[in-house]
Amino acid sequence: MARHLITSALPYINGIKHLGNMVGSMLPADVYSRYLRQRGHDVLYICATDEHGTPAELAAKEQGLAVDEFCAQAHEAQKAVYDGFALAFDYFGRSSSAQNREITQHFARKLHENGFIEERAIRQVYSPADGRFLPDRYVEGTCPHCGYDKARGDQCENCTRVLDPTDLIEPRSAISGSTDLEVRETKHLFLLQSKLQQEVEAWVARHEEDWPQLASSIARKWLNEGLHDRAITRDLDWGVPVPADTWPELAAEGKVFYVWFDAPIEYIGATKEWADQDPENRDWKSWWYDADGTVRYTEFMAKDNVPFHTVMFPATELGVREPWKKVDYVKAFNWLTYYGGKFSTSQKRGVFTDQALDVLPADYWRYFLIANAPESDDSSFTWEHFTATVNKDLADTLGNFVNRVLSFSRKRFGDAVPAGGEPGEAEARLGDEIARLLAEYEEQMEALQFRKAAAALRALWSAGNSYLEEKAPWLEIKTDKEGAALTLRTAMNLIHLYAVVSEPFIPATSKTMREVFSLGDDTATWVSRDEAKALTAVPAGTAFTVPPVLFAKLTDEDLAAYKERFGGEED
């Protein structure tokens, strides 16, 4: 089986993330990782908190904490939420780790040796009111390209154009709001991306046909506009320090690397963090360095992160002139909106992940978000849509099927799976249909088409309901008790199949469904087509229990309460 390296965009340390962030990176990466593990692949899913940059410094100051203490607390807070969503990272690291510092400095030295880093004197925005140089993310103003009035000095999140602070119209300090800004001279290190343009173009050309159109079009747009040399250091107290053995003057001035230089390197750093926990059994370099072609690397991210991962980070890796593993497939997502408007951490608009878990268990959110993932276009979260999806797909189609099969069987046949007669024509048709739908589900998961995979999973659940309606064991038992027993035994095998194949989407519910049956040797990780046709994993005589309601049906009162708490229309 293949070895799969999977990373999702690093969540920034400053604040709990909203649902749009979850569905645009970490959740689909988790669903895919779980699926691959079930199919027997060797999987390493790596993520981390992105902890450097001015926002972390400012947030720490607001809370009266040292920045390292703030980041440590915020990391644990975020990890608790991701644990609540059942994200099965192999390792969830921190970009402030010693491992990331070591590897980032190594990359910088090698880029310098190879002529791709240059020290330049530049004129940079300085705020007398704040008494400091302003990193580009903390200069705000109007984008000269699209007119968005909250563009940052590094990138416009509206049109995704890369910017310089001096490009902005009517710039202001994002710290104090002061428009009394000066431009002063200071020295910084520049990554000479212009010298790497042809290599990056050639590398992208080898991959873009395989990537989703969203990822390839953004990468191509950046390349067509031309790669510019980018400053990769900042005047901050918190970050990976410039190594004094290579740049003593800048190190003495306290320069640190730009967060977007060290953050992608943290994928490697976090892998080393993981390996360092068990060095005798874990080899981080086998995943990242001099890969022998057995590793397939997939990245998950929302579209605003695509340029950095398809162009800037590959340029960094190419310039190092060492055989570091580069991404094979970039799964990019559009925006999940909230009633047509953007989710926004800074503006507190929309449902945030900790709030979501306070409302309902994780599986409700996992299923809804993946079933409505913004793959081909932006998709909109509304409470009406969420409630309808939960009620139709989870409560009615899956939950009701499980409950009525088990409850009816216990009532009429006791607490063991009934035997019944031999499968007939209806069971043969069902087996063929289940095998066909399972193949469709597998095909869409392999293709990373999550909405289509969710539709195939939903169709698998629906097939059980169709079979139950066709056989109607509540009527069948009146004239053919053995036939009714066969129907219920077949339906219980469907429940077990659903428990196995639904695990990437709804892991907690899948565990509950599997534990319904007292199968001492239940080690199945997946279901083959032949097994899907036969439906014999749960034999007659197996003891079972009836679990609590798997998914509560949401009421009009619930809907009204959600809308009152979170808002229910675009601002």
Side-chain angles (χ1 to χ4, degrees), residues 16-23 27-28 30-31 81 84-87 336-341 343 348-374 378-407 450-451 453-462 464-466 468-469 495 498-499 502-513 516 546-571:
I16 300 299
K17 305 309 162 193
H18 53 68
L19 293 181
N21 182 280
M22 175 66 71
V23 74
L27 181 56
D30 177 74
V31 170
V81 173
F85 268 87
L87 301 184
L336 177 71
T337 66
Y338 186 76
Y339 283 88
F343 280 83
K348 300 295 182 185
R349 174 182 172 77
V351 185
F352 288 74
T353 49
D354 57 342
Q355 297 170 328
L357 295 176
D358 184 52
V359 171
L360 287 166
D363 280 1
Y364 290 75
W365 300 104
R366 288 178 62 101
Y367 177 79
F368 174 83
L369 291 171
I370 293 297
N372 296 279
D378 292 351
S379 60
S380 178
F381 177 92
T382 70
W383 285 107
E384 291 83 356
H385 187 201
F386 175 75
T387 300
T389 300
V390 166
N391 287 348
K392 180 180 178 183
D393 294 357
L394 296 178
D396 288 345
T397 303
L398 178 61
N400 187 50
F401 174 80
V402 172
N403 182 265
R404 64 176 175 163
V405 167
L406 297 175
S407 296
F450 292 102
R451 293 181 73 146
L457 181 61
R458 186 187 312 119
L460 277 166
W461 299 342
S462 295
N465 284 279
S466 297
L468 210 60
E469 292 301 317
I495 292 172
Y498 295 161
S502 303
E503 192 265 346
F505 281 71
I506 47 173
T509 306
S510 291
K511 184 173 184 290
T512 297
M513 287 193 289
V516 158
V546 180
V549 173
L550 296 182
F551 294 99
K553 199 156 187 176
L554 305 182
T555 66
D556 290 342
E557 290 75 17
D558 292 325
L559 175 60
Y562 300 149
K563 293 180 69 174
E564 181 177 0
R565 176 177 174 182
F566 296 99
E569 59 186 25
E570 185 177 358
D571 292 339

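- Under the 3.5 Å distance criterion, the side-chain polar atoms of Tyr562 are left unmatched by any main-chain donor or acceptor of Val359.
- Checked by atom type and distance alone, the side chain of Thr353 pairs as donor or acceptor with a backbone atom of Lys17 at under 3.5 Å.
- Residues Leu394 and Phe551 approach most closely at O-CD1, 3.5 Å, considering heavy atoms.
- Evaluation of the salt bridge (charged side-chain N to carboxylate O under 4.0 Å, His left out) test over residues 356-374, restricted to residues two or more places apart or in two chains, returns Asp30-Arg366, Asp358-Arg565.
- Contacts of Asp396 classified as side chain to side chain donor-acceptor pair (under 3.5 Å), with partners at least two apart in sequence or in another chain: Lys553.
- Considering only residues two or more places apart in sequence or on other chains, Ala453 meets the side-chain contact (heavy atoms from CB on, under 4.5 Å) condition with Tyr441, Gln444, Met445, Phe505.
- The aromatic rings of Phe386 and Trp365 sit parallel, their planes meeting at an angle under 30°, below the 60° perpendicular limit.
- Checked by atom type and distance alone, the side chain of Thr382 never pairs as donor or acceptor with a backbone atom of Tyr339 at under 3.5 Å.
- A side-chain donor-acceptor contact under 3.5 Å links Ser379 to the backbone of Asn372.
- In this structure, OH on Tyr367 lies 9.0 Å from CG on Leu398, to the nearest 0.5 angstrom.
- Remark: side-chain polar atoms of Tyr338 are paired, donor with acceptor, to backbone N or O of Gly567 under 3.5 angstrom.
- Judged as a side-chain contact (heavy atoms from CB on, under 4.5 Å), and not counting sequence neighbours, the contacts of Ala373 are Val23, Phe333, Glu375, Arg451.
- Residues passing the side chain to side chain donor-acceptor pair (under 3.5 Å) test with Asp558, sequence neighbours excluded: Thr555.
- For the side-chain contact (heavy atoms from CB on, under 4.5 Å) test, residues two or more places apart in sequence or in another chain that qualify with Val546 are Asn403, Leu406, Ser407, Arg410, Phe544.
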